[in-house]
**Q** 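Encoded as C-alpha cells, here's the structure I'll be asking about.
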Amino acid sequence: MLRRHIIAAVMAAFPSLALAQAQPPAPPAWAQGRPAEMATSPLAPHAPRLTVTPPDRIPVSSLRVPEGFQVELWAHGLPGARVMVRGPNGTIFVGTRGIGRVYAVRDTGAERQVSTLLQGLTQPSGLAMRDGSLYVSAINRMLRIDNVEQNLANPQPVDMTAAFNLPDAPHHGWTHIQFGPDGRLYVPRGVPCNICDTDGERYALIASFNPDGSDRRIEARGVRNSVGFDFHPTTGQLWFSNHARDWAGNDMPNDTLHVNIRRGEHHGFPWCHGGFQDPAVNGRLCSEFPPPAMLLGPHVAPIGTHFYTGTAFPERYRNALFVALRGSWNRPRLSGFEVIVVRDEGGRLVKEPFLTGLRDDANQRFTGRPAGLLTMPDGALLISDEENGAIYRVTARR
Amino acid sequence: MPLRVKLAAAVLAAAFSLPAAAQDAARGAAVAEERACAACHGPGGVSPVPLMPSLAGQQPHFLTLQLILFREGLRQVPAMAEPARGLTDQQIEDIAAYFAAYPSAPKPDRGARDEALAARGAALSVQRHCNVCHLPSYAGRAQVPRINHQREDFLVHTLAEYRDNLRVGTDTQMNAVMFGMSNDDIRAIAHYLAHR
C-alpha cells in the first residue's frame, strides 16, 4: 500500500518530456575554453564533502606551522565551512557553498557550540557584519539579518536582493562580501564562464554599494573572479586575490594578488591574466594594465585574503596578508591546499608558506582545503577547512 | 537462496568484518529498512518500479551527496522528501555503504536489446565523452554515478531533466553536457546504458 502511494505521488510529480530545440551543446562554464586536444581530459572540480567529518578523522596532526606557532582544532561539525565573520558579542558566523548553510559558532570557553543559522540557500559563500546585522550573499541573493546575535534561534532575514540588483548567471556567483573602511559593502561579481566576452558593467568586476543596496559604484574592472579581498589596515587600499582562467596550461596563468590603486581600475580580463597574454583573446595587451602585486601560483585557488590585524604574532606578521589557497583541480599535479603569508620586506612583497600538511605530493591527494581566515580579538588566527568542515586556531607560542 | 542474494550477503558480510568504519553497511541496512527504501528501489537495490532508480552497486559518495541534497531541500523530489527527512550524516553514509555493497545488476525484465539503437547510443556516449567522467565501464567514480545497468526509463527521465535544467547536481556538468540533446538521442543513450 505504501509503495503504491509513493509510486502514484512520483508519477504525478514527473512532467512529461518536453521536446528540446536543436541547439549546439554548450560546455559547463568551468569547462568552457577547453581546447579540442583536452576534450577527453578527466580533470574536473573535486567532489565536495558535505557530511560531518568526525574529529578523529580531521588531519590536525599533519598540519604544519612555522617555528614559534602552534595549531589546534577549534571547531568541527560544520560541513563545507568557508568564510568566517565575528559578531560584536563573539559569535562566529560561517558561510558555505554546496550544502547551502550558514552556521553560528558560540565559544563557551570550554567548547564551541555549532548551530545552523540558515539552510537551503544556494551557495551562501559571502558574509559581512555591520552594526550587529549579518549580511549574507548567496547566488544571486542578498539577505540581512538584524540583531543576528539576539536571534540565533529564530533569524528573520530581510531580502535585499532587489535593492542590490545582482546579475542572474549562477556561475561564479558565489561571492565574498565585506564592508570597506568607507562603510560601503564591496561585492565582486565573477564572469559567468571560464573565458568569455561579457558585459563589463555587470560581470568581471568588484562593485561597492551603500549598505541598503543603493549607489552602486564599480571599484575594480577586468577582475575574472575574486573570492577574497581585504582592506589594508593602514592605507585602506583594496587588496584582492583573483582566479585566473583554466585550460590554458598546467603552469599558466598564475592566480594573482592585486592592489586597486585607483577607483574603477582595469586589471586585464579577458585579455591578460596577471601578465599572461591570453592567446585565445585578441584586442588589448598586458602592458596596458597594472601588473599584479604578486603571482600566487597556477590554479592554486586563493579564497580567504586577510590582513592580520592582531598583535599576538611576532612583529614581522604585523599587517601581513594571509591567503588561503583552496587548491587546484585544473592541473594533473596538485597545487595549493595551504595557507601562505605575504609580507612587505623593505618595500618588496615576499610570500612564505604558513599552514601546510594538507597536500600529499607523493600520493597526489589532499586531506583538507583551507578557505576562510579571521583574526580573533586575542590575536589568534582562525583558518576554516572546507573539506573537513573544521576550523583550526593558530597561536604564537609564548 | 538465489545467487544474487547470496552474493549480496557475502559482500555485506565482508563489509561487516571491517573494523568500525565511518560508513557501516549493517547499520545502513537497518535505516533502509526503517525508511522503506526497498519499496521503490527494490530488494537488493534493483528497482522493479517505473522511474525509480536502481541503487545496487552505486557509488557511495554519489549516494551520500544526493541524500544530503534531498535532506537539505536543495534537490526537490517529492518521493524523497519524507524518506530523507531528518537523516543524520552518519545514517546517510551508512545507507550509501549499504546500497553500494550490493552487486550492480540490471533489471531482470529489461527487455530485448535493440542492436541498432544500442549502437547509436554507444557512439553518442563516446561523442559526448560520457565515458570520461563515468569511466569506460560506466561504473562511475566518487560523485559521478554508475549509469550502466540503470533502468532505461529512469535514464531517459533523468537525462531530460538535466537537459531542461529541472535537476541540479553538486556541479553544473550534466546540465551543460545535455544542453540541446534531442529526445531520440536521449533514448538511444539510455537504451545503450541500460543494456550494458
Side-chain angles (χ1 to χ4, degrees), chain A residues 1-32 34 39-54 56-57 77 79-80 96-101 116 119-123 170-171 329 389, chain B residues 22-23 36 38-40 49-52 61-62 64-65 67-69 72-74 76-83 88-90 92-93 96 126 128-129 131-133 135 141-144 156-157 159-161 163-164 166 168 170-183 185-186:
Chain A
M1 195 60 194
L2 171 68
R3 191 172 115 184
R4 217 173 303 146
H5 271 305
I6 293 172
I7 294 170
V10 170
M11 300 299 263
F14 286 144
S16 59
L17 298 184
L19 266 177
Q21 300 300 308
Q23 283 164 308
W30 54 263
Q32 183 265 333
R34 170 158 53 181
T40 57
S41 166
L43 294 174
H46 303 290
R49 191 191 294 168
L50 302 183
T51 44
V52 167
T53 305
D56 62 343
R57 286 169 193 267
T96 64
R97 280 188 55 194
I99 200 164
R101 294 179 181 170
T116 300
Q119 63 190 105
L121 296 172
T122 306
Q123 306 198 20
H171 194 68
W329 64 265
Chain B
Q23 301 84 26
C40 291
V49 181
L51 292 172
M52 283 292 167
H61 196 83
F62 169 79
T64 297
L65 290 173
L67 281 168
I68 297 269
L69 295 182
E72 301 288 319
L74 296 166
Q76 294 181 349
V77 173
M80 282 304 295
E82 274 308 315
T88 65
D89 286 5
Q90 181 72 71
I92 283 175
E93 292 185 324
V126 172
R128 295 283 181 140
H129 308 302
N131 56 347
V132 174
C133 292
L135 300 186
R141 53 182 172 139
Q143 84 274 34
V144 181
V156 169
H157 172 75
L159 290 172
E161 270 201 325
R163 178 194 62 195
D164 301 334
L166 298 171
V168 293
T170 47
D171 63 37
T172 52
Q173 168 72 314
M174 280 305 297
N175 306 94
V177 167
M178 294 306 299
F179 184 77
M181 190 182 283
S182 72
N183 285 346
D185 285 358
I186 285 178

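Numbers restart at 1 for each chain; the letters A, B, ... are given by sequence-line order, proteins then strands. Computed from heavy atoms alone, side chains included, the values below leave out hydrogens, waters and symmetry copies.
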**Q** With a 4.5 angstrom heavy-atom cut-off, which part of B:E72 approaches chain A: side chain, backbone, both or neither?
**A** both
**Q** How long is the straight-line distance from CD of A:Q123 back to CG of B:L74, given to the nearest 0.5 Å?
**A** 9.5 Å
**Q** Side chain, backbone, both or neither: which part of B:L69 has a non-hydrogen atom closer than 4.5 Å to chain A?
**A** side chain
**Q** Heavy-atom distances under 4.5 Å only: say whether A:R101 touches chain B with side chain, backbone, both or neither.
**A** side chain
**Q** Name the region of A:L121, side chain, backbone, both or neither, that has any atom closer than 4.5 Å to a heavy atom of chain B.
**A** backbone
**Q** Against chain B, label A:P48 side chain, backbone, both or neither, depending on which of its atoms sit under 4.5 Å from a heavy atom there.
**A** both
**Q** Using ring pair (Phe, Tyr, Trp, His ring centres under 6.0 Å) as the criterion, list what pairs up with A:H46, not counting sequence neighbours.
**A** A:F366
**Q** Looking only at non-hydrogen atoms, find the nearest pair between A:P45 and B:Q143 and report the distance.
**A** O-NE2, 3.7 Å
**Q** If you count heavy-atom pairs under 4.5 Å between each of A:T53, A:T122, A:L50 and chain B, which one has the most?
**A** A:L50
**Q** Mind checking the CD1-OG1 spacing from A:I99 to B:T170? Nearest 0.5 Å is all I need.
**A** 12.0 Å
